[in-house]
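Here the structure comes first, spelled out in structure tokens, and everything after it is commentary.
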Amino acid sequence: MKKILAIAMVLVICLSFLPMTALATQSTDVKVILDGRALTFDVQPQTVGGRILIPLRAVFEALGAKVDWNNTTQTVTATKGDTVVVLTIGSTSPTINGQVQTIDQSGVTVNGRAFAPLRFVGEAFGGKVDWNDATRTVTITSGGGSAAGSAGIPSVLAPDKILTNGKFVTVDKSFSIAEAVAIKDGKIIAVGSAREIGALRGANTEVINMQGNTVLPGIIDNHMHFVSYVIGKPPYMLNLTYPNVQSIEDILQQIRDVLPSKAPGEWILGRGFNTDYYKDFTAGSKLTKQMLDAVAPNNPISFTDWSGHQVWANSKAIEISGVTKSTLDPPGCVIERDSAGEPSGIFQELSAMRMISDNVPPLSIDDIVRSLTANYMDFTKLGITSVATNEYQSTDRIRAIAQAYALGDFPIRTSVYLSWPDFDNVEGVKDALSRQGFPSGFGNDWLRLAGVKIFGDGIPPSQTAWTIDPYPDGSHGSLVVKGETEAERLATLREMIEIADSLGYQVHIHTTGDRAVLETARIFADVMEKNPWDARHTLIHGDFVPDEAMALMAKYGMGFSTQAAILNVLIDGMAAAFGDEAVQEQWPLRALLNAGVVMSNSSDTPVVSPDWRVGVYSAVMREGLQTGKVYGAHHKLTVEEAIRSYTIDSAWAIREDTIKGSIEPGKLADFCVLGKDILTADPKTIKEIPIIMTIVGGAVVFSDGSLK
Ligand SMILES: [Zn+2]
């Protein structure tokens, strides 16, 4: 039975800027108003030969029909009541209840989606179509009985979720601000005013009121070490970092707490101690094995300090290691001794540290998975929704990340940079990559293979960064890749980059000294000149950057990823060691932007905390942590620039800016909601701005409860 008094539904399609002579397929800005409500399509209407074609499913369903698509025959069947409409792509002879109709234009597919002539679809179920050439407006009046839900939007088109009444910092090209977004299938489908987005609400749309809070795109940390971070914390290791630990007594208490869960002989591991911050540790005193023996005599203990350059062990661990009074210090290393010459507990630098740490049973994949699931919230609570990780030691780490996803609900998108210990020589790179088969970008929106990470040089504080001018002791640092001479090492680096590039891998290179930065930029430029593709080879860290390197980065579209939070921690010490003058040009972020380089920020965690707010504050203020002194004020960023560096420009550096990094239709629905407006806050307070909610793929994965 037909309803006699069907309420007419009016579908108005306003076509603005319709090209007059469009011969090719192109998209056009189309505003669709449904009963006075803005309607969005997940693919835009198109003009083909000057005629308007619409995403077929959308309007058939708006008219109340059920739509089936047969991919083999490329046929759409729309059914409503007794009426069956069949339209085959490419055909100008659709049928209505078996009767062949003739239309003046066929349906087409654009990017795999079916489009059909507007007039035909509008009239197929008894709608009335009016076309006003002057205003270029199409009005479809349906015969009623549309599929619109109570709010007037067909449920198939309605968003799953609307976030409204927020200050959405979209980080689009013009850094525009919006009030609301609509989300469907984990992606953003519309961004606009609260009224515009509210009009899209369907019967089943969930609405979250952001209560005026500021919303950023989900934060993207494009250089860090995910597994190293999570295994440096419970359950695998005690968290000895400041401010979690503020005294020796705090450390001993952690041991007492964990001891009941340990069998005798089982290792107790920890990471991050730093006596500079301990109130019960006076200058001149030393860490000893006896301090640890007092609480854990029967379990070996190995604690690594914050810098990763020393290990603190107890007597049990030293006994297992076989190190005695008569063991010599390895070259360049120190085994601290007591007055009797016995090892006293501290082992400095790698070869000495390994005397202890090599005895620790290796982590199983399950251990790593447990660490990931136990600690991912550290990132999620900070509004970090995507990370790019460099897993140095083993494929087990990557397997563990994959397994964490297999468990379900792992809320951090991960892009992996392969970084094996033998990536310091040509054969190592060739061996690992030539049989790999999956190039950069392989994977999905959650887990993907991003590229290759290679260590170029060392770091400035230990004078291992490769520099143009000498350090005070006359040394220059060097590349850390294989080769007897400078020229050989450069040739090695070049060949490794060429191999990776030719196999389709984006290359990220650790470079800190100005010489390393310059030489790497020159090699990248050569490689990108000879084999042009969208590689975006990227320099990581870049403490000191010569002008020539900046120009090359801008010209060839190289990425640059640095860590403003490290500036905050390190720059006072650098100034003390090398002089205030020398550090004014360290991390020249303003100059990089001026040169036209896509400059991004990351954390390099666990080197420092993954907290991007510290990075934004530091990029904007350039203050040293200990002294509060400002270094290189002429390189300060604005808050807007700093936000870009942790969102869209960070996405660019990992070649994912088309799917994330800004709040725009079509992108992943990842958000970081702040309890205070970062754009108007005193920059000094940015690191204290609360993060009140994190949303990944449209799902709330963290909330402090302040938004209902
Ligand atoms: Zn790193």
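Atoms within a ligand are numbered from 1 in the order they appear, just like the ligands themselves. A quick note: this is a predicted structure, and the numbers were derived from the prediction, not measured. The basis for the numbers below is simple: all heavy atoms, side chains too, and nothing from hydrogens, waters or symmetry mates.
- Here E656 pairs with R448 in a salt bridge; the nearest charged N to carboxylate O distance falls below 4.0 Å.
- F671 pairs by the ring pair (Phe, Tyr, Trp, His ring centres under 6.0 Å) definition with nothing, not counting sequence neighbours.
- For H508, the ring pair (Phe, Tyr, Trp, His ring centres under 6.0 Å) criterion is met by Y417, not counting sequence neighbours.
- Under the side chain to side chain donor-acceptor pair (under 3.5 Å) criterion, D580 pairs with K629, not counting sequence neighbours.
- Of all protein atoms, those of element N, O or S that lie under 2.8 Å from the Zn ion (ligand 1) number 3.
- Ring pair H223/H541: centre-to-centre distance below 6.0 Å.
- Checked for salt-bridge contact, E486 and R489 miss the test: no charged N lies under 4.0 Å from a carboxylate O.
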